[in-house]
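Step one of this worksheet: look at the structure below.
So you know, we letter chains A, B, ... as the sequences are listed, proteins then strands, and number each from 1. Scope of the values below: all heavy atoms of this structure, side chains included, with no hydrogens, waters or symmetry mates.
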Amino acid sequence: MIKPPASARKPGSALLDWYDAHRRVLPWRAAAGERADPYAVWLSEIMLQQTTVATVKGYFERFLTRWPTVEALAAAPLEDVLAQWAGLGYYARARNLHACAVMVARAHGGRFPQDETELMALPGVGPYTAAAISAIAFDRPCAAVDGNVERVATRLHAIEAPVRQAKPLIRAKVEEMLPDARAGDFAQALMDLGATVCTPRTPDCGACPLASGCVAFRAGAAERFPVKEKKADRPKRRGAIFILQRGAQTLVTRRPPKGLFGGMSAFPATPLTRDVAPEEWLRFAPCEAQWRALPEPVAHVFTHFALTATVFIAQTKASPQLAPDCRWAAGRDLGKEGLPALMRKAALAAGLSMD
DNA sequence: CATCCGTGGGG
DNA sequence: TCCCCAAGGAT
């Protein structure tokens, strides 16, 4: 069959041709012409929220190996899921992941809904993820608008308004592009294009299948889009982390179910979202002990603040009075505790082996 | 609706 | 060093 020249066809068609030639091979992505497992699509989409492909790959493989089905994941203790998620960040995603698995397994008979609106009712599934699952797993014509697609769309139409306000317009523009068939491929093509060609800094417009219709490119100003709002400056905060050892054991706590590191295993610490002056640090120690501060604090940058945490270490022989959410972790199991990256940094600074 | 919520890599 | 950001969602 002879295809008409790309210029005479819908832009979505040129994009699909490009996708057939340049699509990325990713662990959660089905082979060309095959449909992906909805469970794998959902799992990958949750992990990929605000997280790079390179970082997600390993986590995705480990999750899928350990919990091959949504029923298996639903049957797992939340603590196991959180431990497996440790290091990925945004831990509410892991809590919602588990809650969503339970909901799908119990209320939906183990099958993910195909409809965008029904998907959005699931924990951790918002407008983008619902559209992505519906399109990729079920080939429904939904506009999955993520950061990549926002960038592509704002360039195509030279949208000057800050993306924050332009979201409805962007979605409308993407919906206009939706093809009659291959909705899943189209959604992934738009994201691949944004990730590999229509990149934030130096887009490769010469390789772009949509360049001929791109207003920003014709103006020689692709890099100017999307227009961004000013970012608030990151406040600096101080705090302390307490590592108490009893023989080969190390004291860990369970963080409260919400907030920073919600539900995660961690070392006792000052309230990390507050700036706590050095004079007050020892008030937050889990017990009385000969606390010794490491000479170099641990620096850790969160989305909305930068933390400098002094690490205190102490040994104890007796069994001190401890808060009820504390427990002793075997030294050789500390690596399996599933500690957030900050806590792992602290452990390494203290010379603990994390294997 | 602005804020909260992690982390690691690249320019 | 610093800043940006990467397949956002919940509240």
The correct set of residues in residues 78-107 of chain A placing a heavy atom under 4.0 Å from DNA chain C is A/N96

With the side chain defined as heavy atoms from C-beta on, A/F261 is closest, among B/dC4, B/dT7, B/dA2, to B/dT7

- Item | Rounded distance in Å between the P positions of B/dC5 and C/dA6 | 23 Å

Given the structure, check if the side chain of A/T202 and the base of B/dG11 hold any donor-acceptor pair shorter than 3.5 Å. no

For this session: Determine, for A/D80 against A/K336, whether the closest basic-nitrogen to carboxylate-oxygen distance falls under 4.0 angstrom.
Result: no

**OP:** Remember a base hit wins even if backbone is also touched, and classify A/V125 as base, sugar-phosphate or nothing at under 4.0 Å, heavy atoms.
**Re:** sugar-phosphate

For A/S44, answer base if it contacts any base atom (sugar-phosphate contacts may also be present), sugar-phosphate if it contacts only those atoms, and nothing otherwise; contact means non-hydrogen atoms under 4.0 Å.
nothing

Per the under-4.0 Å heavy-atom filter, residues of residues 128-139 of chain A near DNA chain C come out as A/Y128, A/T129

For A/F242, the other hydrophobic cluster members (4.5 Å side-chain criterion, sorted by chain and number) are A/L244, A/L251, A/V276, A/W281, A/L282, A/F284, A/W291, A/F312, A/L322, A/W328

ask   = With respect to the phosphate group of B/dT7, does any side-chain polar atom (N or O) of A/H300 fall under 4.0 Å of OP1 or OP2?
value = yes

Give a yes/no answer on whether the side chain of A/R234 brings an N or O atom under 4.0 Å of OP1 or OP2 in C/dC2. no

Taking for A/R201 and for A/F305 the nucleotide of DNA chain B with the nearest heavy atom, the one nearer the 5' end belongs to A/F305

Winner on side-chain proximity to A/T273, out of B/dT7, B/dT3, B/dC5, is B/dC5

